[in-house]
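Inspection log for the structure reproduced underneath, given as structure tokens.
First listed ligand is number 1; within each ligand, the first listed atom is number 1.
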Amino acid sequence: MHIKLALLGFGNVHRALARLLLRKTDVLRDEYNLTISVTGIATHSRGFAIDPAGLDLVRALELVEAGQKLDALHQGEPVRDTLALIAACPADLVMEATWLDPRSGQPAIDYVRAALQAGRHVVTANKGPVAYAYRDLLALAKAQDRGFFFESTVMDGAPVLGIGREALLATDVKRIRGILNSTTNYVLTCLERGIDFEDAIIQAQEIGVAEADPATDLEGWDSAVKITVLANVIMGADLRPSDVDRTGIMATSVQEAQAAVQAGERIKLVCEAVRDDATGMVRASVRPMRLPFADPLSQVQQTSSAVTFETDTLHHLTLVEGDTDPTTTAYGMLVDMINILRGRYRYESF
Ligand SMILES: NC(=O)c1ccc[n+]([C@@H]2O[C@H](COP(=O)([O-])OP(=O)(O)OC[C@H]3O[C@@H](n4cnc5c(N)ncnc54)[C@H](OP(=O)(O)O)[C@@H]3O)[C@@H](O)[C@H]2O)c1
């Protein structure tokens, strides 16, 4: 089977995906009978390129990494914007990895909707569309008989949502708890070691974990968006990030972090979604909590992340992910792509 991909965004994640597709060409052909071409790329400032015969990915990487535009690779009429590229690009599957606006989910929601309406499958690494428009987009995907997968939105490439979709069947997920933001977990680890808040943030920026403006992470917004995704997708909730009871780590000090360790505990920014037994409603929160060393989440240090599911059948199931980078995220997108092509998006069928 030959598959044509359109890439929305060509930043860290999609450049890693391009390299992964080049590296996995033989595996995809020999084990999955898949050959892949990228027929379109959209960016914010590096232009647009469509080539129905397949873009030269090596050249596209070279151009963008040299600070140049992709326009030299484009064949055909000029492309006005990303929605126009979605409409014009001959693609079976649209991969979406543009910027995240954690307070609205746009413009990625519009891109995902347009791609599904045009009859494309969609894979996104962007939390926005799932946190703000999951039910609508899923209904549209079902109506169009197309896949809409988004494994990389939570814990990069770790199969958190795949576990929910494929393995947590006929079970009652009562609670999800997680450490889902690398910047805050890194800063909290530094505080325990006596490094003050400002220096910890600088260190997190130096190793490429924290953004230039880390407020979205430190105030718990990124965590709130991620727990919303988990609550809506795995627990069937209908929350928005603003529904999450959210406290960041701005007020946490070296003294508090070290006092917790002295007492056999660690302060962690815990994301939680809990189903109320009486009402069946799901409540979600993000807040710093002291966890005893015996809690697996307390052992998650530095840039690692983890999630624990509590269900009526598996009781406690914890997944820990370490050493992530854009290739990990790209891998989650690759797995989504393969699963869509294997028909795994037809949830109701056996
Ligand atoms: N980095 C990770 O490991 C990771 C992990 C999980 C999820 N994610 C999510 O994946 C997405 C991409 O992350 P990233 O690290 O690759 O970000 P990035 O390096 O900032 O790249 C974003 C890309 O999107 C392009 N873009 C922005 N607005 C656009 C628009 N309206 N139309 C078309 N392209 C647009 C940018 O264009 P320019 O090249 O012109 O700037 C850039 O190429 C984000 O939503 C992020 O939250 C990332």
Side-chain angles (χ1 to χ4, degrees), residues 6-20 38 40-50 60-61 63-71 79-89 94-115 122-132 149-161 180-183 204-205 207-214 216-217 221-226 228-230 241 303-305 321-336:
L7 307 185
L8 309 186
F10 204 48
N12 295 310
V13 171
H14 269 171
R15 292 204 305 276
L17 179 67
R19 285 195 196 87
L20 197 57
V38 172
I41 302 177
T43 70
H44 175 69
S45 64
R46 309 269 179 217
F48 302 89
I50 294 178
L61 287 165
L63 284 171
V64 168
E65 281 163 5
Q68 294 175 29
K69 294 204 164 198
L70 292 168
D71 302 21
V79 176
R80 187 177 68 250
D81 57 26
T82 301
L83 285 172
L85 182 131
I86 293 168
C89 181
V94 170
M95 313 291 275
E96 198 281 322
T98 65
W99 288 330
L100 167 70
D101 178 348
R103 290 180 173 76
S104 75
Q106 288 288 19
I109 295 171
D110 288 345
Y111 298 157
V112 173
R113 187 176 287 124
V122 174
V123 170
T124 181
N126 191 328
K127 298 170 275 294
V130 194
Y132 285 93
F149 275 14
F150 37 81
E151 185 62 81
S152 297
T153 56
V154 181
M155 283 175 67
D156 312 294
V160 180
L161 297 162
L180 302 176
N181 179 266
S182 299
T183 300
Q205 286 166 332
I207 64 163
V209 174
E211 303 285 333
D213 176 5
T216 299
D217 290 336
W221 264 107
D222 179 72
S223 297
V225 175
K226 287 173 177 165
T228 301
V229 170
L230 292 179
T303 59
S304 297
S305 50
E321 185 192 42
D323 289 337
T324 63
D325 60 22
T327 303
T328 331
T329 308
Y331 173 68
M333 299 185 83
L334 181 73
V335 171
D336 276 349

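Nearest non-hydrogen protein atom to atom 43 (O) of ligand 1 is Phe10 N, 2.9 Å. Of the protein's heavy atoms, Thr329 OG1, 3.0 Å lies nearest to atom 3 (O) of ligand 1. Among protein heavy atoms, atom 30 (C) of ligand 1 sits closest to Tyr111 OH, 3.6 Å. Ranking the protein heavy atoms by distance from atom 37 (O) of ligand 1 puts His44 N, 3.0 Å first. Among all protein heavy atoms, the one lying closest to atom 48 (C) of ligand 1 is Val13 CG2, 3.6 Å. Here the protein heavy atom with the shortest distance to atom 21 (O) of ligand 1 is Gly11 CA, 3.2 Å. Summary of contacts: the protein heavy atom closest to atom 20 (O) of ligand 1 is Trp99 NE1, 3.2 Å. Nearest protein heavy-atom neighbour of atom 11 (C) of ligand 1: Thr98 O, 3.3 Å.
Atoms of ligand 1 lying under 4.0 Å from at least one heavy atom of Thr82, given by number and element, are 30 (C), 32 (N), 33 (C). Close approach of ligand 1 to Gly9 is summarised as follows: ligand atoms under 4.0 Å from at least one heavy atom of the residue are 23 (C), 24 (O), 25 (C), 34 (N), 43 (O). The Arg46 neighbourhood of ligand 1 comprises atoms 39 (O), 40 (O), with distances under 4.0 Å to a heavy atom of that residue. If you number the atoms of ligand 1 from 1 as listed, the ones under 4.0 Å from a heavy atom of Lys127 come out as 47 (O). Contact atoms of ligand 1 toward Ser152: 6 (C), 7 (C) (distance under 4.0 Å to a heavy atom of the residue). Listed by number with element, the atoms of ligand 1 under 4.0 Å from a non-hydrogen atom of Asp156 are 5 (C), 6 (C). Near Asn126, meaning under 4.0 Å from any of its heavy atoms, are these atoms of ligand 1: 45 (O).
Taking 4.0 Å as the cut-off, Leu8 does not count as a neighbour of ligand 1 on heavy-atom distance. Every heavy atom of Arg15 sits 4.0 Å or more from the atoms of ligand 1.
With hydrogens and angles ignored, the 3.5 Å screen pairs no side-chain donor or acceptor of His14 with any backbone N or O of Leu7. For Tyr132 (side chain) and Pro102 (main-chain N/O), a donor-acceptor pair under 3.5 Å exists by modelled atom type. At distances below 3.5 Å, not a single donor-acceptor pair connects side-chain atoms of Arg46 with backbone N or O atoms of Leu70. Side-chain atoms of Thr43 come within 3.5 Å of backbone N or O of Gly47 as a donor-acceptor pair. Using modelled atom types, one side-chain atom of Gln205 and one backbone atom of Ala212 make a donor-acceptor pair closer than 3.5 Å.
Atom OG1 in Thr216 sits 8.0 Å away from atom CG in Asp222 (nearest 0.5 Å). A distance of 10.0 Å separates CG of Leu230 from NZ of Lys226, quoted to the nearest 0.5 Å.
By the 4.0 Å N-to-carboxylate-O rule, Arg19 lies close enough to Glu65 to be salt-bridged with it.
For atom 17 (O) of ligand 1, the nearest protein heavy atom is 4.0 Å or more away.
Geometrically, ligand 1 and Ser45 share a nitrogen or oxygen pair separated by less than 3.5 Å.
The option with the heavy atom closest to atom 23 (C) of ligand 1, from among Ala97, Ala125, Pro326, is Ala97.
Side-chain contact between Thr98 and His44 is absent, with no heavy-atom pair separated by less than 4.5 Å. No side-chain heavy atom of Val209 sits less than 4.5 Å from a side-chain heavy atom of Asp217. By the 4.5 Å heavy-atom criterion applied to side chains, Thr327 and Thr329 are not counted as neighbours.
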key: Pair Glu151-Thr153, side-chain hydrogen bond (donor to acceptor under 3.5 Å, both in side chains): steps then yes or no   = CA-CA 6 Å; Glu151 185 62 81; Thr153 56; over 6 Å; no

